[in-house]
Amino acid sequence: MSFQGGPTDRREVASPAAGNAVTGDGNGVPAGDSSRPGTIVSSQRLRLNPNKDHKPDVYEDLQLEFSSSIFSSLERYMPPSMLSVPRDDKVNFMRDILLKYLPPREQNRAQKHKEYRQKIISNYQPLHRELHTMNPTMFFVPAFLKAIGDNTEQSFRSIMSEPSPGIFTFEMLQPRFCELLLSEIENFEKWVNETKFRIMRPNTMNKYGAVLDDFGLEMMLDKLMEGFIRPISKVFFAEVGGSTLDTHHGFVVEYGKDRDVDSGFHVDDSEVTLNVCLGKEFSGGELFFRGTRCDKHVNTGSQSESLQLKQEIFDYSHVPGRAVLHRGRHRHGARATTSGHRANLLLWCRSSVFREMKRYKKDFSSWCGECNREKKERQRSLIAATRLELFKREGESAT
Ligand SMILES: [Zn+2]
């Protein structure tokens, strides 16, 4: 098995090639382009401490290259004279600051992606606008809502099963919500076909499917992560940043005739992945899991520890409306959907805090099967060495 050329970060998806296809501009925006609006006030400095009394503007309705919550937080640090200027000026001021922290290639990418989203939003007519606003009673089944409301490990366990360590499955979405989302996805595909608009696919493994965040569902999915997935992840995935999930990549994948057939063995670019089947009628398409691994050990484990691997083998058959929640580093793939048509909603939840911290860590034995095996191995040989030393000393004192 190999992970080369497998799944990837959204960055690779939005590679210069993909960006060019969208904008038709082979040269891109030069790095540090000074013609960008918003440079008027960049000589002003941010405050050292936030102004806690100031109530920031709402940025949720804007298509920006950074999350709207970043703008709301940063606004409290703006120079006092900037707090009362029009919102667009504030946005430009903050964008200039934020973009400075991105390397030139990333600045270019962020700009291109913003333009790409704007193009979709201004051209695509959504069928079901009610999907854009989080509406818990319409979206989720009552038992799920109750468990989240109670917000305890016990309440979560009461609606979940954990058929294999670290894999949780539970009833989540209302059939009506699945239906609406499926019909919206059909509408995307129809629009894409009619307009010949070249959309970015969700990742390098899928030729079909769409990024929901690009079609106006970003805020709703952010609320889904914050209000519903983070509380669960805080309990079950704390060691991979479950309590600090702060960004997401939300998309749908489609399998079956005239769609993708299967997905190869891979890991996700996420700390926690939510995977919910939306329907419709299909056979095949089972998920297969093969243990959780850190970056260093992602390709290990097939030959040496067959017993360990056997314990890590788990296959799951999708049921519409039912969710699977697992660590992004839990290696998995999807078998061929042999008949019918299957669509799944995927939410890759990420924690920037965890990603920063993991750079300073080497041992991931709390969740990496291979790190854990190595640790146990070290402990075993340490005990054996100590024992040998004791025998030697006993032998010496006896003579
Ligand atoms: Zn490891």
Side-chain angles (χ1 to χ4, degrees), residues 1-13 162-169 203-205 225 229-230 232-249 263-275 287-316 324-334 346-386:
M1 63 194 172
S2 163
F3 290 88
Q4 258 89 56
T8 150
D9 190 316
R10 179 59 194 268
R11 279 164 208 197
E12 268 176 59
V13 178
E162 189 180 5
S164 177
I167 300 168
F168 298 87
T169 79
N203 57 58
T204 52
M205 294 176 300
M225 179 185 74
I229 301 308
R230 200 162 59 195
I232 303 173
S233 304
K234 188 179 168 181
V235 172
F236 298 121
F237 303 119
E239 67 300 319
V240 293
S243 60
T244 51
L245 299 175
D246 53 7
T247 52
H248 75 262
H249 177 46
S263 95
F265 192 41
H266 67 276
V267 289
D268 297 338
D269 180 19
S270 71
E271 271 61 74
V272 176
T273 292
L274 171 76
N275 183 347
L287 280 176
F288 57 95
F289 288 90
R290 297 295 181 266
T292 313
R293 295 291 184 277
C294 69
D295 295 351
K296 185 181 144 202
H297 292 131
V298 73
N299 281 316
T300 63
S302 53
Q303 66 293 54
S304 56
E305 288 296 299
S306 55
L307 181 70
Q308 177 196 353
L309 204 73
K310 257 183 209 145
Q311 289 164 347
E312 292 178 325
I313 288 178
F314 173 67
D315 285 28
Y316 172 81
V324 183
L325 195 68
H326 60 84
R327 291 183 187 85
R329 311 298 306 183
H330 208 133
R331 303 178 301 177
H332 62 281
L346 273 300
L347 192 66
W348 286 359
C349 306
R350 298 163 177 161
S351 160
S352 47
V353 175
F354 174 74
R355 288 186 180 208
E356 189 58 29
M357 298 307 284
K358 105 177 163 175
R359 293 165 51 193
Y360 307 99
K361 273 186 84 170
K362 279 199 180 114
D363 172 44
F364 300 103
S365 53
S366 64
W367 53 273
C368 169
E370 190 63 15
C371 281
N372 189 30
R373 194 189 63 79
E374 284 180 1
K375 189 179 173 185
K376 281 187 182 149
E377 194 60 47
R378 281 197 302 275
Q379 284 168 344
R380 250 198 299 276
S381 47
L382 192 68
I383 291 168
T386 314

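Remember, it's 1-based here, ligands and their atoms both numbered in the order they're listed. All heavy atoms count here, side chains included; hydrogens, waters and symmetry mates do not.
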Next on the checklist: For E271 and L245: C-alpha separation, side-chain torsions, deciding distance, then whether side-chain contact (heavy atoms from CB on, under 4.5 Å) applies.
Outcome noted: CA-CA 8 Å; E271 271 61 74; L245 299 175; 4.1 Å; yes

Item to check | Among L347, L346, L325, side-chain contact (heavy atoms from CB on, under 4.5 Å) partner for T273 | outcome: L346

Item to check | Results of salt bridge (charged side-chain N to carboxylate O under 4.0 Å, His left out) for D315 - residues two or more places apart only | outcome: R290, R335

Checklist outcome for this item: Sorted by chain and residue number, the salt bridge (charged side-chain N to carboxylate O under 4.0 Å, His left out) partners of R230 (sequence neighbours excluded) come out as none

Checklist entry - What about the rings of F354 and F237, do their centers lie closer together than 6.0 Å? => result no

Item to check | Environment of the Zn ion (ligand 1) in terms of protein N/O/S atoms, cut-off under 2.8 Å | outcome: C294 SG, H297 ND1, C368 SG, C371 SG

Next on the checklist: Going by ring-ring contact (aromatic ring centres under 6.0 Å, His included), name the residues that satisfy it together with F289, two or more places apart in sequence or in a different chain.
Outcome noted: H326, H330, H332

